[in-house]
Chemist: 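First the structure, then my questions, so here it is.
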2 protein chains.
Amino acid sequence: MAVYNFSAGPAVLPKKVMERAQAEFCNYKDSGCGVMELSHRGKLYEPIIQRAEANVRELMNISDDYAVLFVQGGASMQFAMLAMNLLNGGTANYADTGVWGAKAAKEAKLFGNVNICCSSKESKYDHIPAFDTWNLVDNAAYLHITSNNTVAGTQYRTFPKTDAPLISDMSSDIMSRVINVNDFGMIYAGAQKNLGPSGVALVIIRKDLMERVQPNVPTMLRYTTYFENGSMFNTPPTYSVYMLALVTDYFKELGGIAAIEKINEKKAAMLYDYLDSTSFYNTPVQKDSRSLMNVVFRTPSDELDAKFVAEARANGLTDLKGHRLVGGCRASIYNAMPVEGVEALIKFMKEFEAAN
Amino acid sequence: MAVYNFSAGPAVLPKKVMERAQAEFCNYKDSGCGVMELSHRGKLYEPIIQRAEANVRELMNISDDYAVLFVQGGASMQFAMLAMNLLNGGTANYADTGVWGAKAAKEAKLFGNVNICCSSKESKYDHIPAFDTWNLVDNAAYLHITSNNTVAGTQYRTFPKTDAPLISDMSSDIMSRVINVNDFGMIYAGAQKNLGPSGVALVIIRKDLMERVQPNVPTMLRYTTYFENGSMFNTPPTYSVYMLALVTDYFKELGGIAAIEKINEKKAAMLYDYLDSTSFYNTPVQKDSRSLMNVVFRTPSDELDAKFVAEARANGLTDLKGHRLVGGCRASIYNAMPVEGVEALIKFMKEFEAAN
């Protein structure tokens, strides 16, 4: 039975990438060593992390004005690190469009002032508030958004324009669609949804913003440390970076992000079109805020939700349970989810609807 | 040609572990998914991180008075995190026995006062200063040591006794010998030398010390966050923890740390006995401070050092170059280095001596 893994992260990786990593797991380039056994400062490993950075730059069309960094601790560490480096007692605007953005704001309060410039919390984060309703403070250190909300299943279609640098947590939609990096001061993303395994976060930061970094920030928490040392001040998470290099190699083979975006749009449209065609399932997300990455939906009852998740799993469609904070069902359809997986899901949803 | 990898870290992993990980890389327990594709909150992954913790507890005979945590960022992140959590403006004693200990002290100065209680820096860190010469301040928050100095090739044979909690960076000798965890307030170690791949650090902390943790420390930098959430407040470095579970499974099969210690003593004795028997090679380390993990040595000249490293590599003995800060040669012989590797190294050293 084919298995399709709809986990919200860590998530499915491209089959071709997994098979290649398996083939060279114990013996990379005939060295007699696996990649995870290689010194990070050796002639075999250094080209891997350099290729990872070059791939990210090429795929996202990143100019020399930006640094590309690999940092441990996930996006959750970035919530604090961002504020430690760039807030410095000032005030930042935070858009409250989901639990992760709220967590980011909480950490920032330790290092400065936070202005919640908009919130959809009262309607259970079912939409991205219209930009013309936002209350932005002037002279903010930055504006923080979460481009895709994994738990609620919402996503920004466009991005707000402000004088302050725009900073986005893109953990769950990085490289899923074409964006203009020049519109952002900083972008960060845990790798474990679209880019690779857990254990590494990608940080793309406009170099001039690093002038704000103060010397009283611990070495491992300063962006400058990573920038000045090619993300190798200390031992990086070598295998996670290697997997990111393989995944981004694969994205290039597919034709880059524009080609991937088309496939992602197709997959999401298939699912939402089906959801819109039936009254058995419903999605709580407002139409103009629907995420192309995390499709949340419910059956008519909590009991049926649980039955759906269990029966889907028995049919090879795994991890369709909604986030523990909100319940229901969720299909995460990141870059590595093939169209065939979405087709299989819709087929099962129809069968489940007919039977219940 | 057999390859023996003497890298100081990331380092060789047990062959059996690598082969098992490779076999189940794309399909863990017939799930159709690789371990790195599994949700960290799923039924397949949670037992892995729980087993990793249980293995550490069993192998090191750790009581319930201690928490066992998995944290990202390596030992370098612990340099800061330790002080952020446990120093709180107080004074701590730091033993200066190598570059890593000095880095730890530097980060601590951001959060309190540091008393360098001993130093072997003037003699190029060639020994561990005798405990009766140490100048410890009273009422210290803790005493920090580096149990094995990877760069200089020194190691504590016994540990100092003080009223303050003893805290050790054990990155390069964790689980290489039997220690009494109860002698320590906290032990931390990057995994990439003895325990697994890079990307995860092991922290063993006496629970009462966590009462010192202040709420103004960012969430991801508080030990309490990891303790209260089973190291899963956010997505852990799932694959690195899985490898650590496999490596510690293997340590248990070998008969535990006491059995491994005997093998490590044998390997180191073979190398040091040979070094002591020849005047061609010499080691700068004082005899009573010699590391069983990192054997540093030199040939008669820098040119011959370079020739030695290159010719050894051509003979399948890789990564014998000394740390970039000190030059020379270094053979790292962690738990996963088989006796046969050390035999092959000594054979080559004899041939090189005869030819040069």
Side-chain angles (χ1 to χ4, degrees), chain A residues 1-3 5 7-13 15 18-19 21-22 25-26 31-34 36-42 45 72-77 79-81 84 103 106-107 110 190 192 196-200 216-221 233-240 243 316 318-319 324, chain B residues 1-3 5 7-13 15 18-19 21-22 25-26 31-34 36-42 45 72-77 79-81 84 103 106-107 110 190 192 196-200 216-221 233-240 243 316 318-319 324:
Chain A
M1 179 175 66
V3 171
N5 171 8
S7 170
V12 61
L13 291 164
K15 189 160 183 281
M18 289 296 286
E19 287 171 352
Q22 181 177 38
F25 191 81
C26 294
S31 66
C33 304
M36 66 176 65
E37 300 175 296
L38 297 175
S39 166
H40 56 299
R41 306 216 185 267
Y45 188 74
Q72 292 186 60
S76 293
M77 184 67 89
F79 298 162
M81 207 166 149
M84 291 173 99
K103 286 189 186 202
K106 183 177 170 227
E107 299 303 310
L110 296 171
Q192 68 269 20
S198 64
V200 63
N216 66 345
V217 176
T219 306
M220 288 295 293
L221 295 165
F233 173 79
N234 75 334
T235 313
T238 54
Y239 202 78
S240 293
M243 289 299 298
T318 73
D319 289 78
R324 59 204 160 109
Chain B
M1 179 175 66
V3 171
N5 170 8
S7 170
V12 60
L13 291 165
K15 189 159 182 285
M18 289 295 287
E19 287 170 354
Q22 182 178 38
F25 191 82
C26 294
S31 65
C33 304
M36 67 177 65
E37 300 175 297
L38 296 174
S39 167
H40 56 299
R41 306 217 185 267
Y45 188 75
Q72 293 187 60
S76 293
M77 184 67 89
F79 299 162
M81 207 166 147
M84 291 173 99
K103 286 189 188 203
K106 184 179 170 223
E107 299 303 311
L110 296 171
Q192 68 269 19
S198 64
V200 64
N216 64 347
V217 176
T219 306
M220 288 295 293
L221 295 164
F233 173 79
N234 74 333
T235 314
T238 54
Y239 203 77
S240 294
M243 287 300 297
T318 72
D319 290 76
R324 59 204 161 108

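Lettering of chains follows the sequences in order, A, B, ..., and the numbering in each one begins at 1.
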Chemist: With A/Lys15, which residues qualify under salt bridge (charged side-chain N to carboxylate O under 4.0 Å, His left out), at least two apart?
Modeler: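 A/Lys15: salt bridge (charged side-chain N to carboxylate O under 4.0 Å, His left out) contacts with A/Glu19.
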Chemist: Please flag which part of A/Met81 lies under 4.5 Å from any non-hydrogen atom of chain B: side chain, backbone, both or neither.
Modeler: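 It is neither, since no heavy atom gets under 4.5 Å.
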Chemist: Distance check, rounded to the nearest 0.5 Å: B/Leu221 atom CG versus A/Met77 atom CE?
Modeler: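 The CE atom of A/Met77 is 4.5 Å from CG of B/Leu221, to the nearest 0.5 Å.
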Chemist: Let me know if A/Ser240 has heavy atoms under 4.5 Å from chain B in its side chain, its backbone, both or neither.
Modeler: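 Neither part, no heavy atoms under 4.5 Å.
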Chemist: Name the member of A/Gly34, A/Gly73, A/Gly32, A/Ala80 that forms the most heavy-atom pairs with chain B at distances under 4.5 Å.
Modeler: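 With the most close heavy-atom pairs to chain B, the winner is A/Gly73.
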Chemist: Side chain, backbone, both or neither: which part of B/Leu110 has an atom under 4.5 Å from a heavy atom of chain A?
Modeler: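 Just its side chain gets close to chain A.
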Chemist: Could you list the residues that satisfy ring pair (Phe, Tyr, Trp, His ring centres under 6.0 Å) with B/Phe233, not counting sequence neighbours?
Modeler: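 Partners of B/Phe233 by the ring pair (Phe, Tyr, Trp, His ring centres under 6.0 Å) criterion come out as none, since no residue qualifies.
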Chemist: Just wondering, do B/Gln192 and A/Glu37 contact through their side chains at under 4.5 Å, heavy atoms?
Modeler: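 No. Closest side-chain heavy atoms not under 4.5 Å.
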Chemist: Counting heavy-atom pairs under 4.5 Å with chain B, which one of A/Pro237, A/Cys26, A/Ala21 comes out on top?
Modeler: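 The candidate making the most pairs under 4.5 Å is A/Cys26.
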Chemist: I'd like to know if the side chain of B/Ser198 and the backbone of A/Thr238 have a donor-acceptor N/O pair within less than 3.5 Å.
Modeler: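 Here the side-chain-to-backbone pair exists.
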Chemist: Quick check on A/Cys33 against chain B: is it the side chain, the backbone, both or neither that has a heavy atom closer than 4.5 Å?
Modeler: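 A/Cys33 touches chain B through side-chain heavy atoms alone.
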Chemist: Specify whether A/Tyr239 and B/Tyr239 have parallel, tilted or perpendicular ring planes, treating 30° as the upper limit for parallel and 60° as the lower limit for perpendicular.
Modeler: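 Judged by the thresholds at 30° and 60°, the geometry between A/Tyr239 and B/Tyr239 is parallel.
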Chemist: For each of A/Val200, A/Val217, A/Val3, tally heavy-atom pairs with chain B at distances under 4.5 Å, and name the one with the top tally.
Modeler: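 Maximum pair count with chain B is reached by A/Val3.
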Chemist: Tell me, for A/Gln22 versus chain B, whether the close heavy atoms (under 4.5 Å) come from the side chain, the backbone, both or neither.
Modeler: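 Looking at A/Gln22, backbone and side chain both touch chain B.
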Chemist: Quick check on the interface: out of A/Ser76, A/Gly74, A/Ala75, A/Ala8, who has the most heavy-atom pairs with chain B under 4.5 Å?
Modeler: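 Option with the greatest count: A/Ser76.
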Chemist: Can you find a heavy atom in the side chain of B/Met220 that is under 4.5 Å from one in the side chain of A/Phe79?
Modeler: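 No, side chains not in contact.
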Chemist: Between B/Met84, B/Met243, B/Lys106, which has the largest tally of heavy atom pairs under 4.5 Å with chain A?
Modeler: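 Going by pairs under 4.5 Å, I would pick B/Met243.
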Chemist: Please check: side-chain N/O of B/Gln72 versus main-chain N/O of A/Gln72, any donor-acceptor pairing under 3.5 Å?
Modeler: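 No, because the side chain of B/Gln72 does not come within donor-acceptor range (under 3.5 Å) of the backbone of A/Gln72.
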Chemist: Does A/Ser39 use its side chain to pair, donor to acceptor, with the backbone of B/Ser7 at less than 3.5 Å?
Modeler: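 No: the side chain of A/Ser39 does not pair with the backbone of B/Ser7.
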Chemist: As an exercise: rank A/Gly196, A/Pro218, A/Pro236, A/Gly190 by heavy-atom pairs under 4.5 Å with chain B and give me the winner.
Modeler: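 Most heavy-atom pairs within the cutoff with chain B belong to A/Pro218.
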Chemist: If you define the side chain from C-beta out and look only at heavy atoms, does anything of A/Pro10 sit under 4.5 Å from B/His40?
Modeler: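 A side-chain contact exists here, since the closest heavy-atom pair is under 4.5 Å.
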Chemist: For B/Lys103, does the NZ atom sit with more than 12 other heavy atoms under 6.0 Å from it, leaving out its own atoms?
Modeler: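 Atom NZ in B/Lys103 is crowded, with more than 12 foreign heavy atoms closer than 6.0 Å.
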Chemist: Report the option among A/Thr219, A/Asn216, A/Asp319 that has the most heavy-atom pairs separated by less than 4.5 Å from atoms of chain B.
Modeler: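 Going by pairs under 4.5 Å, I would pick A/Thr219.
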